[in-house]
Q: 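The structure's right below; bear with me while I get my questions together.
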Amino acid sequence: MIIKNSLGVVALVGLLSATNVNAQIKGLLHVSAVKGDSQSSWQEGGVGLYRYDSENDGVLLSQGLIDFRADLSTDWSAHGVINAYQDPEPTLGFSQAYLQYKPLTKSKYKWHVRVGGFFPLLSLENPDMGWISPYNYTNSAINSWIGEEVRTLGVEATIKRPGRSFNSAHSFAFVGATFKGNDPAGTLLAWRGFAMHDRQTTFNEGVAFAPVASLNTPQLQHQANQVLPFEEVDGRYGYYTGIHWDYLKKSQFRFYYYDNNGDPAAINYSIGQYAWDTRFSSAAWLYKFTAKTRLITQAMSGSTAMGKNRGVDNRFYSHFFLLSHKIAEHRLSIRYDYFKVTDKDDWAFDPNASHGEGITATWRYQLTPQWQLGIEGSALRSQADNRKAIGIASRISQQQVLLNAQWRF
């Protein structure tokens, strides 16, 4: 699978370079020296909520990324993001691939359509290429989960009312989308809870989690010990809507409502994946105190359920506050996260409640336009009710230190 994906990526990049299509290709290599925690990561079948653990100590490829755009005509363009990872095994694949139609118009209102696979633009934390953050290297709990289990595989339309066209300080955008796939989204929240990392699931991947005891019961025996988050299980269409407000680039606000319209009784037995009925609201706000200092905050609240008669039924909530300040070529960022999952069903043999909080501090230094160095320290504590049944304390504390080097091209 890795070789097949690699050949496809090389062929695509070569085709874009060799043709007369106006292509813009950029990317980065991000290498980290890791000092991980002794608690095994969920990627290795453990309950740790960081991407790395002490078994990963050393120098790793944290992120390899190619972000490309090809102008196919005046109105049409093709976009894609290719990600390469070393953990938990060598992986190369697309995290986004879509066409965009953005017509030139004399109207004061502007609009565009995206078709394919992409992230809903509900985050103000991840505006950099390839949906990465220019602030902390480790994403918030909210956007770690979005990177894992949420992707639009469908059509999205956006109508914009630019403030400058109406002689106004206020700009607005209205977003609506419909999609298929993304039926298993919610699996990780139920049996692992939120985590904190920068790992984006590619379209060809599954995400494993610890072998929780309840999956050995008759009620849950068909659920695989992993999630394939972008599978279509029930044949239904999901949707989301959103609104963006921008005041002179000083204050930005985004609100989204997402509903995958999953049928919780539907299951694909061959791959062990249920359709989860997952819906949430997300509100994000960015405020610039000065040109160098900004605050970003986001809150998400939702619910997710699976199984006949909604045997697994959970509520989830998370918020974060991020403060970032730039001094010359230095950027300092600190973020506080809170997250929880509340178990609302009657299946006592399958406890899903979890909660936690974390703090992450990051220093980045832009050595040259291409090279960036940085260091990040993070600490979190969490509690999950399903850990005791597999012989692990329900409450754990973790720490992580990363020394980082990024090269952009």
Side-chain angles (χ1 to χ4, degrees), residues 2 30-64 83-93 95 132-133 136-149 184 187-202 205-213 215 224-229 318 335 337 339 341 352 354-360 362 376-404:
I2 302 301
H30 179 172
V31 176
S32 298
V34 178
K35 178 59 177 175
D37 189 86
S38 60
Q39 196 69 242
S40 294
S41 167
W42 87 92
Q43 293 202 105
E44 304 297 336
V47 301
L49 302 185
Y50 285 128
R51 175 178 171 183
Y52 305 114
D53 55 40
S54 56
E55 295 298 317
N56 302 118
D57 284 356
V59 179
L60 297 171
L61 174 65
S62 180
Q63 187 96 237
N83 300 76
Y85 298 107
Q86 188 175 339
D87 59 305
E89 60 183 19
T91 300
L92 183 69
S95 59
I132 62 175
S133 172
N136 302 109
Y137 294 106
T138 300
N139 287 334
S140 64
I142 291 174
N143 291 308
S144 295
W145 177 63
I146 294 295
E148 290 174 322
E149 284 201 298
T187 305
L188 290 175
L189 294 181
W191 290 311
R192 184 207 61 193
F194 284 97
M196 291 172 54
H197 59 87
D198 64 341
R199 182 70 158 77
Q200 297 178 28
T201 308
T202 60
E205 281 192 290
V207 184
F209 49 89
V212 296
L215 298 192
N225 203 179
Q226 67 169 348
V227 58
L228 303 174
S318 181
R335 189 188 67 239
D337 285 87
F339 48 89
V341 176
N352 305 129
S354 64
H355 62 85
E357 59 184 343
I359 190 163
T360 304
T362 307
E376 178 176 275
S378 183
L380 66 81
R381 56 187 180 184
S382 65
Q383 185 271 338
D385 288 354
N386 62 10
R387 291 173 182 165
K388 285 186 177 179
I390 55 175
I392 298 175
S394 61
R395 296 178 182 272
I396 60 173
S397 296
Q398 298 181 257
Q399 303 80 38
Q400 177 179 267
V401 177
L402 304 175
L403 299 177
N404 303 280

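Sequence positions, counted from 1, serve as the residue numbers for this chain.
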Q: Working to the nearest 0.5 Å, report the span between OG of S32 and CG of L60.
A: 7.5 Å
Q: So which atom in N56 and which in V34 form the shortest heavy-atom distance, rounded to 0.1 Å?
A: O-CB, 3.9 Å
Q: Before you tell me yes or no, could you show the steps for L402 and Y50 under side-chain contact (heavy atoms from CB on, under 4.5 Å), namely the whole-Å CA-CA distance, both residues' side-chain angles and the distance that decides it to 0.1 Å?
A: CA-CA 12 Å; L402 304 175; Y50 285 128; over 6 Å; no
Q: Can you tell me how far CG of N386 sits from CH2 of W191, rounded to the nearest 0.5 angstrom?
A: 10.0 Å
Q: The criterion is side chain to side chain contact (heavy atoms under 4.5 Å, CB included); which residues satisfy it with H355, sequence neighbours excluded?
A: K340, Q383, R395
Q: Name the one of R199, E205, Q200 that satisfies side-chain hydrogen bond (donor to acceptor under 3.5 Å, both in side chains) with T202?
A: E205
Q: Test of understanding: with ring pair (Phe, Tyr, Trp, His ring centres under 6.0 Å), list the residues that count as partners of W42, not counting sequence neighbours.
A: H197
Q: Does any part of the side chain of T201, heavy atoms only, come nearer than 4.5 Å to the side chain of V227, both counted from C-beta?
A: no
Q: List the atom of V47, the atom of A210, and the distance in Å for their closest heavy-atom pair.
A: CG1-CB, 3.9 Å
Q: With S318, which residues qualify under side-chain hydrogen bond (donor to acceptor under 3.5 Å, both in side chains), at least two apart?
A: none
Q: Kindly state each residue pair satisfying salt bridge (charged side-chain N to carboxylate O under 4.0 Å, His left out) with at least one member in residues 137-149, sequence neighbours excluded.
A: E148-R192
Q: Using ring pair (Phe, Tyr, Trp, His ring centres under 6.0 Å) as the criterion, list what pairs up with Y137, not counting sequence neighbours.
A: H30
Q: Among residues at least two apart in sequence or on other chains, which ones pass side chain to side chain contact (heavy atoms under 4.5 Å, CB included) with A190?
A: W276, V312, N314, N352
Q: Under the side-chain hydrogen bond (donor to acceptor under 3.5 Å, both in side chains) rule, collect the residues that match up with Q63, sequence neighbours excluded.
A: N83, Y85
Q: Who are the side chain to side chain contact (heavy atoms under 4.5 Å, CB included) partners of D37, not counting sequence neighbours?
A: Q39, Q398, Q399
Q: Show your reasoning for whether side-chain contact (heavy atoms from CB on, under 4.5 Å) applies to F209 and T187.
A: CA-CA 10 Å; F209 49 89; T187 305; 3.9 Å; yes
Q: Mind checking side chain to side chain contact (heavy atoms under 4.5 Å, CB included) for A389 and listing every partner two or more places apart, or none if nothing turns up?
A: A213
Q: If only atom types and distance count, is the side chain of Q86 paired as donor or acceptor with the main-chain N or O of L61 below 3.5 Å?
A: yes
Q: Only pairs at least two apart or in different chains count here, so list each salt bridge (charged side-chain N to carboxylate O under 4.0 Å, His left out) that has a residue in residues 44-64.
A: K35-D57, R51-D87, R51-D198
Q: Looking at S378 and M196, what are the two nearest heavy atoms and their distance?
A: OG-CE, 4.2 Å
Q: Do S144 and N139 pass the side chain to side chain donor-acceptor pair (under 3.5 Å) test, and can you show the C-alpha distance, the side-chain angles, and the key distance before you say yes or no?
A: CA-CA 6 Å; S144 295; N139 287 334; 5.0 Å; no
Q: How would you list all residue pairs meeting salt bridge (charged side-chain N to carboxylate O under 4.0 Å, His left out) that involve residues 377-389, not counting sequence neighbours?
A: E357-R381
Q: Can S382 and F194 be said to form a side-chain contact (heavy atoms from CB on, under 4.5 Å), step by step?
A: CA-CA 10 Å; S382 65; F194 284 97; over 6 Å; no
Q: Identify, with sequence neighbours excluded, every residue that meets salt bridge (charged side-chain N to carboxylate O under 4.0 Å, His left out) alongside R335.
A: E125, D337
